[in-house]
Amino acid sequence: MPMLKFVELVFLTWALYSCIGWIWETGLSIVVRRRFVDRGVLIGPLCPIYGFGALLVLVLLHDVNNPVALFLSSGVVACTLEYVSSYVIERLHHVRLWDYTNKPFNINGRVYLNGFIAFGAGATLVKLFVQPWFMGMISQWSPTVLNVISGCIAVLLAVDASLTAASSWSFDTRLKRISEDVNKLHAEQVANLDHRVVAANERFEERRQTMLDTHIAHTLNWQQRRLMQAFPGMRSVRDNTIVDQLRERMEARRSRRDHADGQDAR
C-alpha cells in the first residue's frame, strides 16, 4: 500500500471516531442537561481523544477477537489514554477539563468505572463491526476522492486546532487575572469593613457579580466560555473556585435572557 494512502486511511479513521465521540458526548449531554452543549474541545464536531483511543485499540488489539477479552483490554487502553490526557492537559494548561472525584471507583478523579465500561463496549463494537464496514466503504473510493476528502478535512482541522491552541494557552492566564481581581476586591472589602457587616457583604456581592460579568464579556473569548459550559467538571489548578464563580454568573445571565425572551413572546 502506498504511504500516502496509508496515512489518509489512518487520518480518516481518526476523524470518523473523533466525530462519533463528539456525537456521543454531545448527545449524552443533551439527555442529562436537557439542552445542547457542544462537548468538543475543538470548535468543530470532533473529540480527538476518541479518535486516538480507537486507533490505539485497532493497533494494539488487532489480533484480539474474543469479545470478552476485547472488552476488558479496550477498557484498559481507553482509560489509560484518558488518564494520561487529563494529566498532560493539567500540566500544560493548569486546567482540568473533567473531574470524576465524586464518582464511584475513580482513580485520582481522572478515570472511573462507568467510563471503563462505556469505552470497553464501544471499542468492542468498533473493532468487530464498525471498522470492517468503514474500510470496505473507503476501499471503493477512487484515489482522487480519497485525496480530496482527506485534504479538505486536514485543512479544516489545522485551522481549528490553531485557533483552539491559541485560546487554550491564554485561558489559564485569563483565569488567573480574574481570580486576582476578585481576591483583590475581597481584600479591599475586608480592609474597609464597617459595623454594618451585612450591608458591606451585599455591596461586595454586587461588585463581585459586576466584575465577573465584565470579565465574562471582555476577558474570556467565545471558545473559552464554551469550554467552561461544555465541561462542568473543569477546574483551575491555580484557583479551584474561580471557574465555578464564572460558570454561575454565565448561567444567571442565560436564565435572565431566557426569562426576558419568554416575556417578549407573551
Side-chain angles (χ1 to χ4, degrees), residues 6-7 9-33 37-42 44-93 95-138 157 161 164 168 227 229-235 237:
F6 173 76
V7 172
L9 291 178
V10 171
F11 174 68
L12 289 177
T13 298
W14 173 87
L16 170 68
Y17 296 118
S18 295
C19 185
I20 291 176
W22 180 87
I23 294 172
W24 165 259
E25 288 283 347
T26 302
L28 190 63
S29 178
I30 291 174
V31 172
V32 174
R33 302 165 71 175
V37 177
D38 183 350
R39 288 279 293 165
V41 174
L42 298 172
L46 297 173
C47 283
I49 191 172
Y50 281 83
F52 290 119
L55 289 178
L56 281 176
V57 167
L58 293 173
V59 171
L60 298 178
L61 306 178
H62 66 278
D63 57 347
V64 178
N65 294 307
N66 179 278
V68 176
L70 189 57
F71 168 78
L72 296 174
S73 302
S74 298
V76 172
V77 170
C79 285
T80 301
L81 175 63
E82 185 177 28
Y83 191 100
V84 172
S85 299
S86 173
Y87 178 81
V88 171
I89 291 172
E90 183 176 330
R91 295 291 294 178
L92 289 177
H93 303 293
V95 168
R96 272 199 181 194
L97 292 183
W98 58 86
D99 188 351
Y100 303 132
T101 302
N102 296 323
K103 302 290 186 179
F105 306 105
N106 74 85
I107 302 177
N108 295 331
R110 301 186 191 278
V111 295
Y112 78 118
L113 181 60
N114 284 14
F116 176 92
I117 295 173
F119 292 143
T124 301
L125 292 176
V126 164
K127 171 70 167 52
L128 298 180
F129 302 105
V130 181
Q131 187 63 13
W133 165 81
F134 183 60
M135 286 293 102
M137 181 185 68
I138 288 185
L157 177 63
T164 300
S168 298
L227 287 175
Q229 291 182 316
F231 294 91
M234 178 189 289
R235 291 289 181 272
V237 176

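The figures here come from the full heavy-atom set of this structure, side chains too, leaving out hydrogens, waters and symmetry mates. Worth saying up front: this structure is predicted, and the values here are computed from it rather than measured.
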About how many Å separate [atom2] of [Y] and [atom1] of [X], when rounded to the nearest 0.5 Å?
X     : Y      : atom1 : atom2 : answer
Leu55 : Phe11  : CG    : CZ    : 11.0 Å
Thr80 : Arg110 : OG1   : CZ    : 13.5 Å
Ile23 : Cys47  : CD1   : SG    : 10.0 Å
Leu56 : Leu81  : CG    : CG    : 6.0 Å

May I ask you to test the [X]-[Y] pair for a side-chain heavy-atom distance under 4.5 Å?
X      : Y      : value
Leu61  : Ser74  : yes
Ile49  : Val41  : no
Val130 : Tyr17  : yes
Ile107 : Tyr100 : no

Please find the pair of heavy atoms, one from [X] and one from [Y], that lie closest to each other, and give the distance.
X      : Y      : value
Thr101 : Asn106 : O-ND2, 3.2 Å
Pro232 : Ala230 : CD-O, 3.3 Å
Gly115 : Cys79  : C-SG, 4.4 Å
His62  : Val59  : ND1-O, 2.8 Å

Are the side chain of Ser86 and the backbone N or O of Glu82 linked by a donor-acceptor pair below 3.5 Å? no
With a 3.5 Å distance limit and no angle check, can you tell me whether Ser29 reaches the backbone of Glu25 through a side-chain donor-acceptor pair?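 Absent.
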Audit row: Leu58, Lys127, side chain to side chain contact (heavy atoms under 4.5 Å, CB included) steps and yes/no: CA-CA 6 Å; Leu58 293 173; Lys127 171 70 167 52; 4.0 Å; yes
Run the ring pair (Phe, Tyr, Trp, His ring centres under 6.0 Å) test on Phe119 and Tyr50 for me, step by step, so that the C-alpha distance in whole Å, both residues' side-chain angles and the decisive distance to 0.1 Å come before the verdict. CA-CA 9 Å; Phe119 292 143; Tyr50 281 83; 5.7 Å; yes
Heavy-atom count around Trp98 CH2 within 6.0 Å, excluding the residue itself: above 12? yes
Should we count CG of Asn66 as having more than 12 external heavy atoms under 6.0 Å?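 Atom CG in Asn66 is packed in, count exceeds 12.
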Is the closest side-chain donor-acceptor distance between Asn108 and Tyr83 under 3.5 Å? yes
For Asp38 and Gln229, run side chain to side chain contact (heavy atoms under 4.5 Å, CB included): C-alpha distance rounded to whole Å, both residues' side-chain angles, the deciding distance at 0.1 Å, then the answer. CA-CA 8 Å; Asp38 183 350; Gln229 291 182 316; over 6 Å; no
Side chain to side chain contact (heavy atoms under 4.5 Å, CB included) between Trp14 and Leu46: does it pass, once the steps are laid out? CA-CA 10 Å; Trp14 173 87; Leu46 297 173; 4.3 Å; yes
Report the C-alpha separation of Leu12 and Phe134 in whole Å, then their side-chain angles, then the decisive distance to 0.1 Å, and conclude whether the side chain to side chain contact (heavy atoms under 4.5 Å, CB included) test is met. CA-CA 10 Å; Leu12 289 177; Phe134 183 60; 4.2 Å; yes
